[in-house]
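First up is the structure itself, then whatever we jot down about it.
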Amino acid sequence: MARYNFKENEQKWQAAWEDQGCFQVDETADRPKYYVLEMFPYPSGRIHMGHVRNYTLGDVVARYKKARGFNVLHPMGWDAFGLPAENAAMENKVPPADWTRENIATMRKQLKTMGLSYDWSRELATCEPGYYRHEQKIFLDFLKHGLVYQKESWVNWDPVENTVLANEQVIDGRGWRSGELVEKRQLSQWFLKITDYAEELLDGIETLERWPDRVRLMQENWIGRSEGAHVHFALEGRDDRLEIYTTRPDTLFGASFCAVAANHPLAQELSRTNPDLAEFIAECNRMGTSEAAIETAEKLGFDTGVKARHPFVDGKALPVYVANFVLMDYGSGAIFGCPAHDQRDLDFANKYGLDVVPVVAPKGADAAGFTITDEAYLEDGLHINSDFLDGLNVADAKSTVIDRLEAMEIGTRAVNYRLRDWGVSRQRYWGCPIPIIHCGDCGIVPVPEQDLPVELPVDIDITGAGNPLAAHPTWKHVDCPTCGKPAQRETDTFDTFFESSWYFARFCAPHADAPLDRAAVDHWLPVDQYIGGIEHAVLHLLYSRFFTRALKKCGYLSVEEPFAGLLTQGMVCHQTFKDADGKWLLPTQVVFDGGSAAHADTGRPVTAGRSEKMSKSKKNVVDPEAIIEAYGADTARLFMLSDSPPDRDLEWTDAGVDGAWRYLNRLWRLVTENPAPRAAPGAGKPDSIDGAAEDVLKAIHKTIDGVSGDLEKFHFNKAVARIRELTNAVEGLKDDVAGADWVRRLGLETLTLLIAPMTPHLAEALWHELGRGNELVADTAWPEADPAYLVDDLMTVAVQVNGKLKGTIELPKDCAQDIAEDAALALDKVQSVLGGNPPRKVIVVPNRIVNVVA
RNA sequence: GCGGGCGUGGCGGAAUUGGUAGACGCGCUGGAUUCAAAAUCCAGUUCUGGUGACAGAGUGGGAGUUCGAUUCUCCCCGCCCGCACCA
């Protein structure tokens with residue numbers, strides 16, 4: 001029995017695709033466009049199973065759409081700036097550029113063994129000046145259009161990476177890469193005005209119908225829109241006013257204090273003459289922002305002695321505290337506290353002995369007797385103790401009080417967002433230099449466009465201490481482009497999410513002189529289908545949506561949403577093992593003897609842990625290269641698609657891989673060991689076809705129909721199941737029935753075409769075996785289902801008595817209800833249950849079911 | 001705390017708008033082939049009882065709507081994910 005030779009075939013057909021330029025695209029094709037994109041990888045060194053899954057999913061979509069007649073753009077590139085290159089430089093004394101380029105070469109080679117249908121002529125790497133010079137131009141355009149500003153601000157400082165992090169990069173108070181607790185520091189930073197687009201980004205979510213609800217919701221929460229009011233409190237003995245933000249202006253009559261953040265200008269000012277306050281503020285800044293820190297931290301306040309005048313109650317003055325739970329970067333960094341209707345305010349009031357005045361009482365409650373002790377009342381109700389608001393419900397009171405505040409010119413209706421502007425400055429070497437020059441006389445001077453790119457210096461010493469660009473002896477020293485006097489370059493580089501925020505647009509014309517080629521982006525964008533991990537739900541995917549709008553403002557493109565469809569794939573998981581000492585073990589270090597596992601070398605017992613995401617630290621990784629070497633790319637691809645829906649986690653199992661491998665060989669044998677199908681193609685349908693062959697013929701067309709639908713909806717696992725079912729049917733077809741050869745051949749051709757997007761090399765080999773000469777499946781159209789074969793003349797109808805299945809009957813399609821009823825009642829089992837009595841009722845659902853109610 | 005999702009055989013997972021639960025695969029059992037093994041092929045495989053035909057139960061648990069519920073409603077349990085001192 002000849003096994004399928006995957007090594008020979010995979011090389012052969014990859015070469016054939018490349019020689020014929022199968023996957024190179026152009027804009028002139030007279031076919032509808034389809035842009036499918038997978039999130040490009042960071043070139044960390046080698047591809048991992050997550051890549052294999054991601055790129056297999058994308059490749060199936062790309063090949064399927066191509067077969068369906070679309071002009072498919074399917075590019076690949078490298079998200080090549082980032083910290084690991086600098087770490088490698090420190091450890092191995094290799095320049096980051098060399099390290100990155102070597103990794104790219106390795107990973108490109110690995111990806112090519114997977115047989116992915118990329119247009120490699122469009123490959124790009126973000127660390128090359130040919131890419132980032134355009135990024136610098138875009139930044140300067142953003143600057144011109146008022147989308148960029150610099151400001152001194154409190155930032156998240158990662159003490160391990162020695163750099164600033166964006167809010168989106170702080171997970172649970174820790175750096176998203178380092179895992180270290182983030183500190184607050186004040187630095188001068190460049191910001192992109194993503195908040196200008198908060199409303200648009202929020203509204204745009206509605207239009208993203210082909211995005212997972214989960215991601216849409218996460219972005220919605222991240223943007224965090226709330227409606228309320230800004231209110232200005234006059235301060236006793238001072239000229240300035242305190243501006244607070246509240247979503248409950250209706251509770252103003254219950255106010256008993258005001259509080260400002262530790263970093264609030266008022267707190268800062270007062271601390272200069274008050275050492276105790278200065279110490280309190282310093283303590284606040286030291287406090288972590290992690291979950292644990294927040295949970296355990298006491299709500300602390302420091303009474304500044306300043307009093308705020310109540311806007312409506314003459315003579316009522318509220319103490320102004322500095323409080324550790326008030327955030328400077330939300331609202332205006334100041335609040336008023338209404339203890340009766342906010343739990344945290346209540347806790348604070350109880351701690352510091354402040355008044356608790358209820359101003360909303362449940363409908364029908366005795367207003368005079370309604371008191372609050374240790375649980376705040378948050379529900380709707382009617383206002384009490386509130387002068388002109390008394391008797392109103394919460395919504396009406398809000399509206400009324402804001403009208404009054406506006407009339408008095410001490411407050412305004414306001415919408416507030418949780419979203420912050422995107423700080424893009426990073427104190428790193430391996431990133432895109434920010435094209436700005438700081439001049440003592442002229443201030444901030446953009447690098448003139450003709451001087452772009454500002455290239456990274458190659459002779460760099462990376463020590464890990466501080467910013468290497470700032471430490472370079474000459475790089476930062478330039479003459480001011482405006483006045484010619486000595487000046488200094490900006491030594492910060494961009495956050496690496498900057499590069500990935502527009503690469504999908506660059507792929508449309510990756511060799512253009514301008515950042516984007518208007519005709520090309522107008523043709524290709526938006527990306528029709530984007531595929532990648534859920535971990536970018538609020539980072540990359542939100543930044544890209546913002547960038548697209550910003551690029552539109554600068555006249556680069558016309559779309560607002562970059563990704564029309566989004567598929568978020570699950571993780572690739574694998575069993576974990578620990579030895580007796582609790583140390584993680586590689587799967588290869590474990591041997592199974594009966595039901596128990598033992599260490600391969602020592603024989604000591606091993607505990608099998610739960611399946612978790614493949615990671616080096618847990619030692620449960622499987623190297624794709626080894627799998628492709630042992631089984632071939634098609635086996636790996638098929639396995640990735642077979643077992644789990646793409647958005648769910650996938651459990652890697654050796655048995656599953658074996659199963660995929662066995663199926664490939666089964667199909668191979670079915671084609672190569674059966675002489676009849678190898679006859680020349682194109683023979684007409686024979687006059688006589690036996691019923692058994694006719695059934696297979698119907699199965700063929702139903703499978704085409706079903707698989708097409710599954711692939712449209714990305715139900716790859718169901719498509720594989722259907723293909724295997726058809727394989728069983730074709731294999732089971734007896735030789736001696738009329739028309740068997742012809743039907744079998746059609747079945748094998750169909751199977752070949754249907755499986756081609758998933759196992760493209762095998763499909764080419766089968767196509768060749770089927771006598772197709774030099775025709776490539778990659779250039780062959782998707783099969784069409786003949787509607788005539790999709791319907792059956794006879795339907796199998798289930799018969800139930802009182803909802804319990806008693807048997808099935810064969811009925812002509814769409815037959816009369818009384819015929820169905822009679823046939824069902826004629827069943828012995830139905831009769832025995834009825835016991836001679838007439839049925840109380842019979843429900844007939846045509847072509848599906850007859851339910852007899854006894 | 002807020003928001004969202006999920007729960008189906010030994011396992012991964014299928015089941016149109018409510019209409020034959022367990023497709024397809026993995027694993028397992030028995031058999032064929034083989035000197036033997038691998039590979040391959042055939043048969044079986046939700047659970048319980050029964051040699052068997054068959055009977056009963058069954059989609060996390062409990063109630064409800066319905067002729068009929070994995071699917072819809074309510075309550076509870078368990079697991080997972082996101083956000084989190086957001087005023």
Side-chain angles (χ1 to χ4, degrees), chain A residues 1 3 171-173 212-222 224-226 228 244-249 251 258-259 261 287 289-291 293-295 297-299 323-327 329-338 341-345 347-348 416-419 534-535 537-538 611 638-639 642-645 648-651 653-660 662-663 665-666 669 709 715 717-728 731 796-809 829 839-854:
Chain A
M1 246 180 263
R3 284 220 212 166
I171 314 292
D172 187 20
D213 289 344
R214 192 148 77 106
V215 176
R216 302 203 300 182
L217 202 70
M218 280 162 76
Q219 292 212 351
E220 206 177 300
N221 291 340
W222 191 264
R225 185 181 196 274
S226 73
I244 62 93
Y245 174 74
T246 179
T247 55
R248 292 295 302 274
T251 63
C258 285
M287 191 185 75
T289 50
S290 71
E291 184 180 348
I294 289 164
E295 290 259 310
E298 227 181 326
K299 306 285 178 271
N324 64 352
F325 59 86
V326 179
L327 305 173
D329 53 9
Y330 185 78
S332 53
I335 62 167
F336 83 83
C338 174
H341 305 289
D342 181 287
Q343 190 59 46
R344 197 191 41 210
D345 290 350
D347 295 343
F348 190 83
N416 195 53
Y417 296 94
R418 211 185 69 110
L419 185 69
I534 187 96
E535 66 272 20
V538 286
S611 180
L638 184 61
F639 171 70
S642 303
D643 268 0
S644 301
R648 259 194 248 181
D649 288 354
L650 170 79
E651 162 97 13
T653 61
D654 295 342
V657 178
D658 281 336
R662 280 205 298 271
Y663 176 71
N665 277 289
R666 196 167 147 224
R669 281 196 310 274
H715 294 168
N717 56 324
K718 284 153 77 174
V720 171
R722 278 186 216 273
I723 290 171
R724 297 186 86 131
E725 266 182 291
L726 181 59
T727 309
N728 293 342
E731 200 171 23
T796 304
V797 173
V799 178
Q800 298 179 335
V801 176
N802 294 336
K804 299 213 178 206
L805 185 69
K806 292 297 167 190
T808 59
I809 48 178
K829 279 199 191 172
R840 295 222 315 250
K841 194 174 172 187
V842 179
I843 288 132
V844 179
V845 181
N847 303 324
R848 279 191 181 277
I849 203 164
V850 178
N851 191 17
V852 178
V853 185

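Protein chains get the first letters and strands the later ones, always in sequence-line order, with residue 1 at the start of each.
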Exercise for the section: Considering only atom C1', compute the distance from C47(B) to U8(B) and round it to an integer number of Å. Expected result: 14 Å

Handout entry: Rounded distance (Å) that lies between atom P of U20(B) and atom CZ of Arg848(A)
Key = 7 Å

Practice task
Would you indicate what Thr247(A) reaches in the nucleic acid, counting non-hydrogen atoms under 4.0 angstrom: base, sugar-phosphate, or nothing?
Solution key: sugar-phosphate

Problem - Modelled atom types, side-chain donor and acceptor of Ser226(A) and Tyr245(A), under 3.5 Å - result: yes

Exercise for the section: Rounded to whole angstrom, note down the C1' distance from U16(B) over to A23(B). Expected result: 15 Å

Exercise for the section: Identify whether any heavy atom of Arg344(A) sits under 4.0 Å from a base atom; if not, whether one sits that close to sugar-phosphate; answer base, sugar-phosphate or nothing. Expected result: base

Handout entry: Ile843(A) or Ala721(A), whichever maps to the more 5' nucleotide of RNA chain B
Key = Ala721(A)

Practice task
Check every strand shown and say whether Val845(A) touches a base, only sugar-phosphate, or nothing at a heavy-atom separation below 4.0 Å.
Solution key: base

Practice task
Could you tell me whether Arg666(A) contacts a base, only the sugar-phosphate backbone, or nothing, with contacts defined as non-hydrogen atoms closer than 4.0 Å?
Solution key: sugar-phosphate

Problem - Sugar-phosphate, base or nothing in reach of Leu217(A), heavy atoms under 4.0 Å - result: sugar-phosphate

Problem - Length of the CD-P vector between Glu535(A) and C83(B), whole Å - result: 12 Å

Problem - NZ/NE/NH1/NH2 to OD/OE distance under 4.0 Å, Arg216(A) and Asp213(A) - result: yes

Fill in the blank from the handout: The answer to which of Phe336(A) and Met218(A) contacts RNA chain B further toward the 5' end, by nearest nucleotide, is Met218(A)

Completion exercise
Across all chains, not counting sequence neighbours, the side-chain hydrogen bond (donor to acceptor under 3.5 Å, both in side chains) partners of Glu731(A) are Arg666(A)

Completion exercise
Value for CD1 (Ile849(A)) from CD1 (Ile843(A)), rounded to nearest 0.5 Å, stands at 9.5 Å

Handout entry: Integer-rounded Å distance: G19(B) P and Asn851(A) CG
Key = 13 Å

Problem - Interatomic distance at P, G44(B) relative to C26(B), whole Å - result: 16 Å

Practice task
May I ask you to decide if Ala537(A)'s main-chain N or O and Gln219(A)'s side chain share a donor-acceptor pair within less than 3.5 Å?
Solution key: yes

Exercise for the section: May I ask you to say what Val326(A) touches in the nucleic acid, namely base, sugar-phosphate or nothing, with a heavy-atom cut-off under 4.0 Å? Expected result: base

Exercise for the section: Find the distance Glu651(A):CD to C80(B):P and express it as a whole number of Å. Expected result: 16 Å

Handout entry: Integer-rounded Å distance: C41(B) P and Asn728(A) CG
Key = 10 Å

Practice task
Check every strand shown and say whether Arg840(A) touches a base, only sugar-phosphate, or nothing at a heavy-atom separation below 4.0 Å.
Solution key: nothing

Exercise for the section: Give a yes or no answer on whether the side chain of Asp345(A) reaches the backbone of Cys338(A) with a donor-acceptor pair at less than 3.5 Å. Expected result: yes

Practice task
Between U40(B), G12(B), C24(B), spot the one nearest the side chain of Asp643(A), thanks.
Solution key: G12(B)

Exercise for the section: Quick one: label Asp345(A) by what it contacts on the DNA or RNA (base, sugar-phosphate, nothing), any heavy atom closer than 4.0 Å. Expected result: nothing

Problem - Tyr245(A) side chain near A87(B) phosphate (N/O to OP1/OP2, under 4.0 Å) - result: no

Handout entry: Closest listed nucleotide, where the reference is the side chain of Arg669(A) and the choices are C41(B), G19(B), A14(B)
Key = C41(B)

Exercise for the section: May I ask you to evaluate whether Arg662(A) reaches the phosphate of C26(B), defined as a side-chain N or O under 4.0 Å from OP1 or OP2? Expected result: yes

Exercise for the section: Among C67(B), C41(B), A14(B), find the nucleotide with the atom closest to the side chain of Glu731(A). Expected result: C41(B)

Fill in the blank from the handout: In whole angstroms, the gap separating P of G58(B) from CG of Leu805(A) amounts to 15 Å

Problem - Candidate nucleotides G82(B), C41(B), G56(B), ranked by approach to the side chain of Lys806(A) - the nearest - result: G56(B)

Fill in the blank from the handout: Phe336(A) meets the ring pair (Phe, Tyr, Trp, His ring centres under 6.0 Å) criterion, sequence neighbours left out, with none

Fill in the blank from the handout: From CG of Asp329(A) across to C1' of A87(B) the rounded distance in Å is 13 Å

Practice task
Decide yes or no, distance alone: a donor-acceptor N/O pair under 3.5 angstrom between the base of C85(B) and the side-chain of Lys299(A).
Solution key: yes

Problem - Under 4.0 angstrom between Asn717(A) side-chain N/O and A23(B) OP1 or OP2 - result: no

Exercise for the section: Tell me what Thr653(A) touches on the nucleic acid: a base, only sugar-phosphate, or nothing, going by heavy atoms under 4.0 Å. Expected result: nothing

Problem - Whether over 12 other heavy atoms sit under 6.0 Å from Arg840(A) CZ - result: no

Fill in the blank from the handout: Stems of at least 3 consecutive Watson-Crick or G-U wobble pairs (donor-acceptor distances under 3.5 Å) involving RNA chain B, listed by first number, are B:1-7 with B:77-83, B:10-12 with B:24-26, B:27-32 with B:40-45, B:46-49 with B:54-57, B:60-64 with B:72-76

